[in-house]
*Asks:* 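Provided herewith is a single structure, encoded as structure tokens, for subsequent inquiry.
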Amino acid sequence: MMQLQVGGDMSLVMAFESSAARYGLEVTDNSRIADCINLHGFFFETSATPVDMPQTNRSTSAPKEQPAAFYLQIRRLKPTDTALNLGSREKFTFSMRQDRELMYGITVQWFDPRTNQFCSSESPIKRQRFGFSLKTCKSEVFEIRPGTLPFRVTFALFFPPS
């Protein structure tokens, strides 16, 4: 409850790397996947959207789907957004604060069977003010081309003191 009273400030924790709230998606095919999350009364949609068509692997006789490039993004949701189901609107407190500064980072992890190793790619940690308008409700797009499917995406979110 305390976090709602101070506008979501996470002032007792100062290190983004160790204190950010983390949410994940698992991408198993070349289709769009999204999830709605609630952090201290602020609702966000995290999404992974393919940007090109899958190709087939010509080195084997059976076609094998290769992963497409994906756009990864965070979007702030309004209380009336259709991405939120009715249960979320009724059960959870919704912050009406027009804008809020957020620090975020995106990490992608996959297993490469050719090298038998786990691989990862990280976006730089960004700091952005999210609002309800079209210009301010979306994060920068992070584009990734993972080596294989499935892959996992982690969104780390942190409200710095305002």
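FYI, side chains are in, hydrogens and waters are out, and symmetry mates aren't considered; it's all heavy atoms of this structure. Just so it is clear, the structure is predicted and the values come from calculations on it, not from any experiment.
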*Asks:* How would you list, by chain and number, every residue that makes a ring-ring contact (aromatic ring centres under 6.0 Å, His included) with F155, sequence neighbours excluded?
*Replies:* none
*Asks:* Shortest non-hydrogen contact from E143 to Y71?
*Replies:* OE1-CE2, 3.5 Å
*Asks:* Using 30° and 60° as the class limits, which term best fits the ring planes of F130 and F44: parallel, tilted or perpendicular?
*Replies:* perpendicular
*Asks:* Determine yes or no for a side-chain-to-main-chain donor-acceptor pair under 3.5 angstrom, with S123 supplying the side chain and I106 the backbone.
*Replies:* yes
*Asks:* For A34, give me all partners under side chain to side chain contact (heavy atoms under 4.5 Å, CB included), at least two apart in sequence or on another chain.
*Replies:* R32, E45, S47
*Asks:* Would you please name every residue forming a salt bridge (charged side-chain N to carboxylate O under 4.0 Å, His left out) with E122, sequence neighbours left out?
*Replies:* none
*Asks:* Does R22 have any salt bridge (charged side-chain N to carboxylate O under 4.0 Å, His left out) partners at least two apart in sequence or in another chain, and if so, which?
*Replies:* none
*Asks:* Output all residues satisfying side chain to side chain contact (heavy atoms under 4.5 Å, CB included) with S121, sequence neighbours left out; order by chain, then residue number.
*Replies:* W110, F142, I144
*Asks:* Identify, with sequence neighbours excluded, every residue that meets salt bridge (charged side-chain N to carboxylate O under 4.0 Å, His left out) alongside D112.
*Replies:* R114
*Asks:* The criterion is side chain to side chain donor-acceptor pair (under 3.5 Å); which residues satisfy it with Q128, sequence neighbours excluded?
*Replies:* Y104
*Asks:* Please report the shortest heavy-atom distance between A83 and R75, naming the atom on each side.
*Replies:* CB-NH2, 4.0 Å
*Asks:* Grab the two heavy atoms, one from L25 and one from A48, that are nearest each other, plus how far apart they are.
*Replies:* CD1-N, 4.1 Å
*Asks:* To the nearest 0.5 angstrom, please state how far the CD1 atom of I33 sits from the CG atom of L72.
*Replies:* 11.0 Å
*Asks:* Which residues satisfy the side chain to side chain donor-acceptor pair (under 3.5 Å) test with S31, sequence neighbours excluded?
*Replies:* D29
*Asks:* About how many Å separate CZ of F132 and CD of Q98, when rounded to the nearest 0.5 Å?
*Replies:* 5.5 Å
*Asks:* Could you pull out the closest heavy-atom pair between F159 and H40, with the gap in Å?
*Replies:* CD1-CD2, 3.8 Å
*Asks:* Who pairs with E26 by side chain to side chain donor-acceptor pair (under 3.5 Å), at least two apart in sequence or on another chain?
*Replies:* R152
*Asks:* Can you find a pair of side-chain heavy atoms, one from V153 and one from T46, that are under 4.5 Å apart?
*Replies:* no
*Asks:* Hydrophobic clusters join Ile, Leu, Val, Met, Phe, Trp and Tyr when side-chain heavy atoms are under 4.5 Å apart, directly or via other members; which others share one with F118?
*Replies:* F111
*Asks:* Distance from F43 atom CZ to C36 atom SG, nearest 0.5 Å?
*Replies:* 8.5 Å
*Asks:* Which heavy atom of A69 sits nearest to which heavy atom of R145, and what is that distance?
*Replies:* CB-NH2, 3.6 Å
*Asks:* Using a 4.5 Å cut-off on heavy atoms from C-beta on, say whether the side chain of T136 contacts that of D99.
*Replies:* no
*Asks:* Taking the side chain as everything from C-beta on, heavy atoms only, tell me whether L149 gets closer than 4.5 Å to N30.
*Replies:* yes
*Asks:* In chain order, what residues pass the side chain to side chain donor-acceptor pair (under 3.5 Å) check against Y23, with sequence neighbours excluded?
*Replies:* none
*Asks:* Tell me every residue that passes salt bridge (charged side-chain N to carboxylate O under 4.0 Å, His left out) with K138, counting only those two or more places apart in sequence or in another chain.
*Replies:* none
*Asks:* Which heavy atom of M103 sits nearest to which heavy atom of F16, and what is that distance?
*Replies:* O-CE1, 3.6 Å
*Asks:* Is there side-chain contact between S139 and K126, with heavy atoms separated by less than 4.5 Å?
*Replies:* no
